[in-house]
Amino acid sequence: MLQIYNTLTKQKAPFKPLVEGQINMYVCGITVYDYCHIGHARVMVCFDVITRYLRARNWRVNYVRNITDVDDKIIKRAHENGETVEQLTERMIAAMHEDEDALGVLRPDQEPKATAHIDEILALISTLIEKGFAYPASNGDVYYRVERFAEYGKLTNQNVDELRSGSRVEVDEAKESPLDFVLWKAVKPGEVSWESPWGAGRPGWHIECSAMSKCCLGDTFDIHGGGPDLPFPHHENEIAQSEAANGCTYANHWMHAGPVRVNSEKMSKSLGNFFTIRDVLAKYDPEVVRFFLARVHYRSYIDYSEDSLKEARVMLERFYQALNGVSLPKSADESLDAGYEGAKAFELRFYEAMDDDFNTPKAISVLFEMVNELNKLKKTSESAAVALASKVLELAGILGLLQQNPDAFLKGADKEGEINAAAIEQLIEQRNAAKANKDYAQSDKIRDALAEQGVILKDSREGTSWFRES
RNA sequence: GGCGCGAUGGCAGAGUGGUCAUGCAGCGGACUGCAACUCCGUUAACGCCGGUUCGAUUCCGACUCGCGCCUCCA
């Protein structure tokens with residue numbers, strides 16, 4: 001039984017989709033004015049793992065993640081760069097796709113862009129005005145009338161009076177109330193804009209998600225997700241807009257990923273303490289980064305540091321050491337399960353962990369137990385080892401992990417300025433010759449020399465293999 | 001000020017009202033020419049103070065500390 005923590009109710013509850021077997025999920029995506037950082041990567045990987053798992057358990061998932069391709073920051077940045085909004089956003093969308101491809105994040109089923117849904121946005125605003133939940137103001141903006149929506153604040157337990165008194169928002173004369181937020185922003189000179197019944201302008205941030213989710217998934221859908229800083233005000237405002245306009249529940253389950261921290265502070269654009277995905281990928285294998293993110297529960301914070309990345313690398317090495325040398329069949333084969341009865345029990349425990357609000361750390365601990373068993377089986381039963389190893393690969397695949405050739409992962413790619421594979425192989429041959437002559441002084445000298453360059457040798461009955469240490 | 005979250009062994013990180021997390025590191029063995037890989041064994045924890053209970057790291061309350069949202073931010 002799948003249980004998911006719901007931000008709305010603040011507790012875990014059994015998950016039940018609107019339509020049996022079908023899950024409609026909307027996740028707030030990126031505002032594309034800069035390269036994605038590790039915090040973005042976390043949300044991407046988190047919902048990628050969730051989608052993969054749900055599909056592995058035979059749910060049909062329609063995963064929609066939007067792209068915000070027009071807003072203040074984009075306009076500002078495009079202007080600074082001397083390029084058009086479209087040039088900037090196209091560039092950043094391409095970069096985002098590169099980053100997520102590297103991390104093994106599967107593309108969402110739909111990636112709607114705000115600028116491609118202006119008609120739906122205008123229609124939604126019209127409905128809100130008709131129903132009295134929104135009003136065009138004297139300055140050309142259209143605002144949402146927050147106090148008209150009785151349930152405002154239900155997602156994050158805010159009450160309107162507290163919000164009003166604690167409001168840090170500058171009072172805008174055009175607004176009826178400081179809490180009101182903008183649905184349609186009147187155009188300023190030199191900005192991109194679209195025509196509307198209320199004058200030229202562009203959509204406010206919150207309305208696009210209400211419009212696009214309605215367009216892609218309907219008035220009510222199963223899961224709405226996003227990053228840690230979105231519940232208030234973004235998601236609160238989405239609820240206000242959609243439920244007022246559509247007259248029904250917006251999303252049944254709200255899921256929010258935890259923050260990535262640096263030195264105990266949230267990694268964020270405004271603090272300037274962020275590391276872009278491409279920066280990190282320049283130093284670490286993408287799978288190491290993915291493992292670093294997956295080994296902590298999705299709702300907890302993660303502290304970003306070089307040490308944690310290195311630790312993630314060491315943990316992956318244990319998996320690949322175990323997998324190395326097991327000759328797996330080319331394609332998945334159910335009959336393999338017969339080779340080792342214990343595989344099924346591990347699988348059940350893995351599912352049990354994932355069914356409990358996607359507990360990836362616990363699921364990974366099961367994989368480690370499987371590795372321990374695998375290492376033992378390798379010494380006793382080839383067929384059982386193959387069966388268990390293929391199960392490890394299958395389950396890890398649900399997390400998007402262990403998809404590389406083990407030997408290639410362990411050896412790593414040749415790098416400029418470091419000893420290359422051919423040179424290593426040559427030294428190993430020299431060492432083996434020395435060993436054959438029982439000239440251990442010489443053979444140890446070669447091994448030590450390689451170790452100094454980060455190359456570790458491993459002798460076995462089959463010969464000498466090597467890997468680069470992390 | 002309002003609304004939330006967290007505090008677990010040297011580190012990372014799950015979890016549970018009474019018995020094992022898991023990984024890294026450490027220690028002792030096995031394997032090895034010596035190592036590496038691997039295996040076996042092992043050390044070690046539940047912020048502080050009360051309460052409930054036969055029993056609490058786990059439930060309840062207070063406290064301390066840390067963090068997030070309340071302005072754009074995943």
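Sequence lines set the chain letters: A, B, ... in the order given, protein chains first and strands last, and positions in each chain run from 1. Values reported hereafter were calculated over all heavy atoms of this structure, with side chains retained and with hydrogens, waters and symmetry mates removed. Since this is a predicted model, take the numbers as computed values, not measurements.
The environment of NZ in A/K411 is crowded: more than 12 heavy-atom neighbours from other residues, nucleotides or ligands sit within 6.0 Å. Around the CD atom of A/Q426, the shell of radius 6.0 Å holds no more than 12 heavy atoms that belong to other residues, nucleotides or ligands.
When the C1' atom is compared between B/C59 and B/G18, the two are found 15 Å apart, to the nearest whole Å. A distance of about 34 Å separates the P atoms of B/C63 and B/C20, rounded to the whole Å. To the nearest whole angstrom, the two C1' atoms, one in B/U16 and one in B/U57, are 9 Å apart. Comparing B/U32 with B/A14, their C1' atoms sit 36 Å apart, to the nearest whole Å.
One cannot find a donor-acceptor pair under 3.5 Å joining the base of B/C24 and the side-chain atoms of A/R318. With hydrogens and angles ignored, no donor-acceptor pair under 3.5 angstrom links the side chain of A/R42 to the base of B/A74.
Within 4.0 Å of A/D444, counting heavy atoms only, lies at least one base atom of the nucleic acid. The residue A/S270 sits close to a base: some heavy atom pair falls under 4.0 Å.
In this structure, the NE2 atom of A/H256 is 14 Å from the C1' atom of B/C3, given to the nearest Å. In this structure, the CD atom of A/E311 is 8 Å from the P atom of B/A12, given to the nearest Å. Look at CG on A/L230: it is 14 Å from C1' on B/C70, rounded to the nearest Å.
Among B/C3, B/C24, B/A74, the nucleotide with an atom closest to any side-chain atom of A/Q158 is B/C3. Candidate nucleotides B/A14, B/G33, B/C67 were compared by shortest atom distance to the side chain of A/S300, and B/A14 ranks first. Of the candidate nucleotides B/C37, B/A21, B/C34, B/A21 has the atom lying nearest to any side-chain atom of A/S365. Side-chain proximity of A/N157 to B/G4, B/C72, B/A74: nearest is B/G4. In the set B/G33, B/A74, B/A14, the nucleotide with an atom closest to the side chain of A/H37 is B/A74. Counting only heavy atoms from C-beta on, A/E265 has its side chain closest to B/G68 among B/G68, B/G2, B/C73. The listed nucleotides are B/C73, B/C11, B/A21; the one nearest the side chain of A/E369 is B/A21.
Across all strands shown, B/C59 forms a Watson-Crick or G-U wobble pair with B/G51, both key distances being under 3.5 Å. Taking a pair to require two hydrogen-bonding distances under 3.5 Å in either a Watson-Crick or a G-U wobble arrangement, B/A36 remains unpaired. B/U16 is unpaired under the criterion used here, namely a Watson-Crick or G-U wobble arrangement in which both key atom distances are under 3.5 Å.
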Next item on the list: Begin from the C-alpha positions of A/E191 and A/K185 and carry the test salt bridge (charged side-chain N to carboxylate O under 4.0 Å, His left out) through to its verdict.
Entry: CA-CA 11 Å; A/E191 289 182 351; A/K185 275 189 141 164; over 6 Å; no

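Using a 4.0 Å cut-off, no side-chain N or O of A/K310 falls inside it from OP1 or OP2 of B/A12.
Residues A/F275 and A/H37 place their aromatic rings such that the two centres sit no closer than 6.0 Å.
In this structure, A/Y301 forms no aromatic stack with the base of B/G6, since the conditions of centre separation below 5.5 Å and plane angle below 30° are not both met.
The closest side-chain donor-acceptor pair between A/Y250 and A/S213 falls under 3.5 angstrom.
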